[in-house]
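Comments concern the structure below.
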Amino acid sequence: MTTGIDDPYLKYALFCRSTSEGDDGELNLNNIVDLVDLPEPLPGGEGGPVVAEVDVNLAFCIGGALPGEHRLFVALKTPGVPLETPPAQRVDWDEGILFQRWIKTFRIPVQAPGQHSAAILFDGIPLGEASFLVRFKQE
């Protein structure tokens with residue numbers, strides 16, 4: 001993790017179903033996702049290793065960056081076969097900006113129960129993660 005006073009830091013990161021912005025500029029994070037219950041897949045199911053897809057928004061906020069060009073990278077980590085990750089995104093941080101927030105939409109393929117997370121890196125430095133647990137329930 002970063003330690004310097006001018007180092008970027010992750011203010012928050014979480015998964016939710018939807019977001020909205022109020023008239024006052026307040027960000028509303030609706031239906032926070034920390035546990036997803038799915039029916040247990042049938043043995044010998046069709047379609048390969050993906051048993052379900054979960055649609056979520058990753059909402060996060062970074063503060064403390066110096067003005068200039070930066071790179072933002074979000075890597076999904078799930079149990080099972082590794083997922084392809086999108087390339088790093090260029091971020092221009094202007095003078096006087098205290099923090100920036102992002103909302104990224106993902107359709108996360110579920111291959112197995114367990115911890116599903118998104119690691120957030122800024123200029124190659126890991127700042128933190130958001131995660132949720134997937135549990136298979138017998139009906």
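Under the side-chain hydrogen bond (donor to acceptor under 3.5 Å, both in side chains) test applied with N57, the options T105, N31, T19 reduce to a single match, T105.
Closest approach of A52 and L38 over heavy atoms only: CB-CD1, 3.8 Å. Residues F136 and P113 come closest through the heavy atom pair CE1-CD, 3.3 Å. Counting all heavy atoms, side chain and backbone alike, G22 lies closest to N28 at N-ND2, 3.8 Å.
You'll find the side chain of I62 stays beyond 4.5 Å of the side chain of V91, heavy atoms only. Counting heavy atoms from C-beta outward, V74 and F60 have side chains that approach closer than 4.5 Å.
There is a path of hydrophobic side-chain contacts, each under 4.5 Å, that joins I125 to L10. Under the 4.5 Å side-chain contact rule for hydrophobic residues, I32 and V36 do not share a cluster. Following chains of ILVMFWY side-chain contacts shorter than 4.5 Å, one cannot reach F106 starting from L29, and the two form parts of different hydrophobic clusters.
Shown here is D23, whose CG atom has no more than 12 heavy atoms of other residues, nucleotides or ligands within 6.0 Å.
A side-chain hydrogen bond (donor to acceptor under 3.5 Å, both in side chains) check over residues 109-123, counting only residues at least two apart or in different chains, returns the pairs H70-D123, Q115-S131. Annotation: ring-ring contact (aromatic ring centres under 6.0 Å, His included) contacts involving residues 11-33, sequence neighbours excluded, comprise F15-F132.
Partners of D55 by side chain to side chain donor-acceptor pair (under 3.5 Å), not counting sequence neighbours, listed by chain and number: R107. Listed by chain and number, the residues in a side chain to side chain donor-acceptor pair (under 3.5 Å) with D37 are R135 (sequence neighbours excluded). Evaluation of the salt bridge (Lys or Arg N to Asp or Glu O under 4.0 Å) rule for R17 yields no partner, not counting sequence neighbours. For S18, the side chain to side chain donor-acceptor pair (under 3.5 Å) test picks out N30, with sequence neighbours left out. Remark: D92 pairs with R90 by the side chain to side chain donor-acceptor pair (under 3.5 Å) rule, at least two apart or across chains.
With a 4.5 Å cut-off between side-chain heavy atoms of Ile, Leu, Val, Met, Phe, Trp and Tyr, the cluster of L121 takes in F73. Clustering of Ile, Leu, Val, Met, Phe, Trp and Tyr side chains at separations under 4.5 Å places L35 together with L133.
Distance check, rounded to the nearest 0.5 Å: CG of L27 to OG of S20 gives 7.5 Å.
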Evaluate the side-chain contact (heavy atoms from CB on, under 4.5 Å) criterion for residues L14 and V33: first the C-alpha distance (whole Å), next the side-chain angles of each, then the deciding distance (0.1 Å), finally the verdict. CA-CA 8 Å; L14 54 89; V33 177; over 6 Å; no
Distance-only criterion, 3.5 Å: show the donor-acceptor pairs between side-chain atoms of residues 95-103 and protein atoms not counting sequence neighbours.
| from | atom 1 | to | atom 2 | distance (Å) |
| --- | --- | --- | --- | --- |
| R101 | NH2 | G25 | O | 3.1 |

Which atom pairs, one a donor and one an acceptor, fall under 3.5 Å between side chains of residues 75-89 and the rest of the protein, sequence neighbours left out?
| from | atom 1 | to | atom 2 | distance (Å) |
| --- | --- | --- | --- | --- |
| K77 | NZ | E129 | OE2 | 2.3 |
| Q89 | OE1 | K104 | NZ | 2.6 |

